[in-house]
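Okay, so here's the structure we're looking at.
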Amino acid sequence: MYYDRRKRIVIKDKYRLFLMALPFLVLTFLFSYLPLHGWVYAFYNYRPGIPLRQNEFVGFYWFKSIVSNPTQTAEVLRVLRNTFAMSTLGLLTSVLPVIFAVFLSEIRVDWLRKSVQVLTTLPNFISWVLVYSFAFALFSTNTGFVNRILIQLGVIDRGINFLASNKHVWLTMILWSTWKSLGWNAIMYLAAITSIDPELYEAARVDGAGRFSMIWHITVPGIMPTYFVLLLLQIANFINNGMEQYYVFQNAINKDYIEVLDLYVYNIGMIGTSFSFATAVSALKSLVSVFLLMFANGLSKLVRGETII
């Protein structure tokens, strides 16, 4: 920073870029790092309504109880099983937006392609509460559309309570998630497809390549870097399933299979009022997420020769 002859303050480019990024750095600190101060509750036997300094300091007691208390260990292993199952299914279905984007880009009729894209993107903006309302209208026992059709066809005598069942919970959750996010997740792959040089397609067409041949040899290699980066980010968030979807779909019957780690932390903290134990589990989850991010970053360096952070 210096003064020029006309008494104006001139800021060098590197400082100007830093000042432009400063508001975002402040927001990141306020909403991402400052809340980490709450981890201190994991070292106390905290009781709501009592100032923290008046609560008993217990050190790593709640961290140790995760493995020393058989009941809590069994509960944590149960929710980890559900978390790993949901995340693994998410990784396996991560290729669906790629396939959808490829076939969507092959639709030559503009209005049809745009209509399909809009209709498949809109569910992303619907809250999980409305999604559950839609599911209830379809699968409720007495008034659900599916049960009424099955009864009228004579397939069943009385309605089946699909939503209050512990069978196929993992599969139904991933189906609802895929339905909600398929069009939205395909947007990045569509952008990657549009960035492919059109001359490659022209050259392939001159050489006699068909549409499937051009998809396989030009389109798919063109979007693989984008897919790989998003896949690595998904691996880094392997144990971060979120809780909104599972919170609205959970009930007493399917709770053992639908309760993932984020929902478990909410239930034991806000409903079970075991704030200290919930904070300890949440802190460990964050540390594992950082480890997974470093693992994904190293994997990217090993496979692609580039890092993602």
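Here, residue 1 is the first one in the sequence, and each next residue gets the next number. Side-chain atoms are counted along with the backbone in the values below, which use heavy atoms only and exclude waters and symmetry mates.
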Got a sec, which pairs hit salt bridge (charged side-chain N to carboxylate O under 4.0 Å, His left out) with one end in residues 46-68, sequence neighbours left out?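 Those involving residues 46-68 do not exist here.
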Got a sec, which pairs hit salt bridge (charged side-chain N to carboxylate O under 4.0 Å, His left out) with one end in residues 91-119, sequence neighbours left out?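 Residue pairs with at least one partner in residues 91-119: E106-R108, E106-R211, D110-R113.
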Pairing residues for S87 by the side-chain hydrogen bond (donor to acceptor under 3.5 Å, both in side chains) criterion, not counting sequence neighbours: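 Counting only residues at least two positions away or on another chain, S87 forms a side-chain hydrogen bond (donor to acceptor under 3.5 Å, both in side chains) with N241.
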All side-chain hydrogen bond (donor to acceptor under 3.5 Å, both in side chains) counterparts of T121, not counting sequence neighbours: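 Applying side-chain hydrogen bond (donor to acceptor under 3.5 Å, both in side chains) to T121 gives none.
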Under the salt bridge (charged side-chain N to carboxylate O under 4.0 Å, His left out) test, residues paired with [X] that sit two or more places apart:
X: K180; value: none
X: R148; value: none
X: E202; value: R205

Can you name the ring-ring contact (aromatic ring centres under 6.0 Å, His included) partners of [X], sequence neighbours left out?
X: F57; value: Y44
X: F212; value: none
X: Y132; value: F249
X: Y227; value: none

Residue pairs, two or more places apart or on separate chains, that pass side-chain hydrogen bond (donor to acceptor under 3.5 Å, both in side chains) and touch residues 21-34: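 As it turns out, there is no side-chain hydrogen bond (donor to acceptor under 3.5 Å, both in side chains) pair with a partner in residues 21-34 once direct neighbours are skipped.
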